[in-house]
Amino acid sequence: MLALRFRLTSTTKTLRSHFLSTFSKIAMDASGGQTQPHRNDSDHSSAHHHQNVVVMRHGDRIDNFEPRWIKNAPRPWDPPLVEEGRVRAFCTGAKLRSDLGFPVHRVFVSPFVRCVETAVQVVTALSASETPSLDKYDSRKPLPVDPSKLKVSIEYGLCEMLNREAIRGDVAPKDGNWGFNIPELEAMFPEGTVDHTVERVYKELPQWGESVMDARSRYANVVQALADKHPMENLLLVTHGEGVGASITSFLEGATVYEAEYCAYSELRRPIFCNDQSSTAGKFEVLTNLGQTGISYSLTL
């Protein structure tokens with residue numbers, strides 16, 4: 001694993017008017033099978049297809065804005081988004097739709113509610129029947145979507161690091177039961193977008209107490225496994241800050257990630273070489289430009 005270290009930061013105070021102004025600018029600027037082992041051919045000119053994978057962090061979580069929320073929360077380890085976080089996610093989805101240059105076919109999401117709520121807004125923007133913009137955002141009346149545009153699935157392997165680095169020991173469930181109600185989470189997505197047939201990479205959550213390095217390896221392995229399971233489709237993975245950082249450090253030699261902002265995202269691409277009955281994948285390259293999508297990192301040559 002190439003990850004060395006990275007630090008995540010969050011803004012703890014914000015003015016809604018400034019936030020909406022900033023993200024209105026963002027919005028305005030704004031087709032599976034199993035692959036064979038990876039080939040070392042770096043000549044992308046002979047590829048039959050390029051697969052793109054976007055790895056995104058969730059939006060603004062409530063406990064970083066309302067410290068007292070955690071005291072009376074029934075699930076203090078699973079904070080939802082604040083309204084600004086939902087707006088940020090929707091605007092980021094609009095930006096992805098206008099700027100990526102390719103369609104997203106599948107979305108995979110961590111089961112933590114902040115990631116699900118983020119993905120709901122992004123999926124709405126990506127699959128909306130009309131062009132999304134900030135003036136069309138309404139959390140009470142979402143835009144109508146075309147469910148044929150993409151499909152969504154929850155993936156346990158994209159979950160938060162299950163250790164004291166990410167979740168305080170006095171906040172984690174004492175009985176080890178994280179209590180994720182998958183049907184309830186899936187019901188949050190626009191009708192017709194959830195794919196119940198997809199087999200998860202992780203059949204259950206990781207064990208509590210995993211090390212930071214083990215978590216980073218998990219994230220990298222899940223990115224690779226999901227891409228290998230769906231080589232002819234472009235993917236969006238909605239996860240946590242450490243997962244976004246790992247998507248850079250695992251596929252870009254010498255990279256050290258220092259910051260992944262709310263709704264920051266990385267972009268990976270690899271060539272797919274198709275044969276009669278199978279496909280072979282090349283290596284991923286990181287397309288994320290420093291600082292342009294909310295990720296700050298350095299390179300050691």
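Starting from 1, each residue takes its place in the sequence as its number.
A distance-only check finds no donor-acceptor pair linking the side chain of Asp146 to the backbone of Ser127 [under 3.5 Å]. The main-chain N or O of Glu199 is found under 3.5 Å from a side-chain atom of Lys229 such that the two form a donor-acceptor pair. A donor-acceptor pair under 3.5 Å is formed between the side chain of Thr293 and the backbone N or O of Tyr265. Side-chain N or O atoms of Thr118 include one that pairs as donor or acceptor with a backbone N or O of Gly59 at under 3.5 Å. Using a distance-only test at 3.5 Å, with no hydrogens or angles considered, no donor-acceptor pair links the side chain of Trp208 to the main chain of Gly176. Proximity of a side-chain donor or acceptor of Asn234 to a complementary backbone N or O of Asn52 within less than 3.5 Å is detected. Side-chain atoms of Arg97 never come within 3.5 Å of backbone atoms of Thr92 as a donor-acceptor pair (strictly under, hydrogens ignored). A donor-acceptor pair is defined here as one N or O able to donate and one able to accept, closer than 3.5 Å; such a pair exists between the side chain of Ser153 and the backbone of Asp195. Looking only at distances, no side-chain donor or acceptor of Glu210 sits under 3.5 Å from a matching main-chain atom of Asn163. Panel note: side chain Glu155, backbone Gly157; a donor-acceptor pair is recorded below 3.5 Å.
Once rounded to the nearest 0.5 Å, the distance linking SG of Cys159 with CG of Leu205 reads 5.0 Å. Atom-to-atom distance recorded for Lys283:NZ and Gln224:CD is 11.0 Å, nearest 0.5 angstrom. To the nearest 0.5 Å, atoms OG1 (Thr193) and CG (Leu150) are separated by 7.0 Å. Note: Ile167 CD1 to Glu160 CD = 5.5 Å, rounded to the nearest 0.5 Å. A distance of 8.5 Å separates OG1 of Thr280 from CZ of Phe273, quoted to the nearest 0.5 Å. Once rounded to the nearest 0.5 Å, the distance linking CZ of Phe108 with NE2 of His230 reads 3.5 Å.
With contacts defined as side-chain heavy-atom distances shorter than 4.5 Å, the pair Val107/Leu235 does not qualify. Using a 4.5 Å heavy-atom cutoff, the side chains of Leu162 and Trp178 are in contact. Contact of the Pro206 side chain with the Arg218 side chain is registered, since non-hydrogen atoms from C-beta on lie closer than 4.5 Å. Side-chain contact between Val238 and Leu158: absent, with no pair of heavy atoms (C-beta onward) separated by less than 4.5 Å. Counting heavy atoms from C-beta on, the side chains of Ser129 and Leu143 never come closer than 4.5 Å. Put simply, the side chain of Val53 reaches to within 4.5 Å of the side chain of Val55, judged on heavy atoms. A heavy-atom distance below 4.5 Å is found between the side chains of Leu96 and Val122. With contacts defined as side-chain heavy-atom distances shorter than 4.5 Å, the pair Thr249/Arg216 does not qualify.
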Checklist entry - After noting the C-alpha distance and the side-chain angles of Gln121 and Arg86, does the key distance pass the side-chain hydrogen bond (donor to acceptor under 3.5 Å, both in side chains) rule? => result CA-CA 7 Å; Gln121 296 301 329; Arg86 288 187 283 273; over 6 Å; no

Item to check | side-chain contact (heavy atoms from CB on, under 4.5 Å) between Val212 and Met161, worked out | outcome: CA-CA 7 Å; Val212 173; Met161 291 195 301; 4.2 Å; yes

Next on the checklist: Test side-chain contact (heavy atoms from CB on, under 4.5 Å) on Val198 and Arg106; report intermediate values, then the result.
Outcome noted: CA-CA 11 Å; Val198 172; Arg106 287 193 179 272; 3.5 Å; yes

Next on the checklist: For a salt bridge (Lys or Arg N to Asp or Glu O under 4.0 Å) check, start with the C-alpha distance between Asp138 and Lys141, then their side-chain angles and the critical distance, and finish with the verdict.
Outcome noted: CA-CA 5 Å; Asp138 187 342; Lys141 187 179 179 182; over 6 Å; no

Checklist entry - When you look at Asp228 and Arg270, which way does the salt bridge (Lys or Arg N to Asp or Glu O under 4.0 Å) test go after all the steps? => result CA-CA 11 Å; Asp228 287 347; Arg270 66 176 181 172; 2.9 Å; yes

Item to check | Steps toward ring pair (Phe, Tyr, Trp, His ring centres under 6.0 Å) verdict (Phe112, Phe180) | outcome: CA-CA 8 Å; Phe112 280 78; Phe180 293 118; 4.9 Å; yes

Next on the checklist: Evaluate Ile70 against Arg168 for side-chain contact (heavy atoms from CB on, under 4.5 Å), listing each step before the verdict.
Outcome noted: CA-CA 11 Å; Ile70 203 169; Arg168 295 200 327 248; 4.2 Å; yes

Next on the checklist: Show, in sequence, the C-alpha distance, side-chain angles and deciding distance for Tyr262 and Asn64, and conclude whether the side-chain contact (heavy atoms from CB on, under 4.5 Å) test is met.
Outcome noted: CA-CA 12 Å; Tyr262 287 131; Asn64 282 342; 2.7 Å; yes

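Under 3.5 Å, the side chains of Ser247 and Ser266 contain a donor-acceptor pair of N or O atoms. Tyr219 and Asp214 are not linked by any side-chain donor-acceptor pair at a separation below 3.5 angstrom, with hydrogens and angles left out of the test.
A continuous path of Ile, Leu, Val, Met, Phe, Trp and Tyr side chains, each step under 4.5 Å between heavy atoms, connects Ile295 with Leu299, placing both in one hydrophobic cluster.
For Thr131, there are no side-chain contact (heavy atoms from CB on, under 4.5 Å) partners, not counting sequence neighbours.
At a threshold of 4.0 Å, the pair Arg114-Asp60 does not count as salt-bridged, since none of the basic side-chain nitrogens sits closer than that to a carboxylate oxygen.
Under a cutoff of 6.0 Å and an axis angle of 45°, Arg200 and Tyr156 form a cation-pi pair.
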Mind listing the side-chain donor-acceptor pairs of residues 183-192 below 3.5 Å, one per line with the distance, residues two or more places apart or on another chain?
{"from": "Glu184", "atom 1": "OE2", "to": "Asn181", "atom 2": "ND2", "distance (Å)": "3.4"}
{"from": "Glu186", "atom 1": "OE1", "to": "His196", "atom 2": "ND1", "distance (Å)": "3.3"}

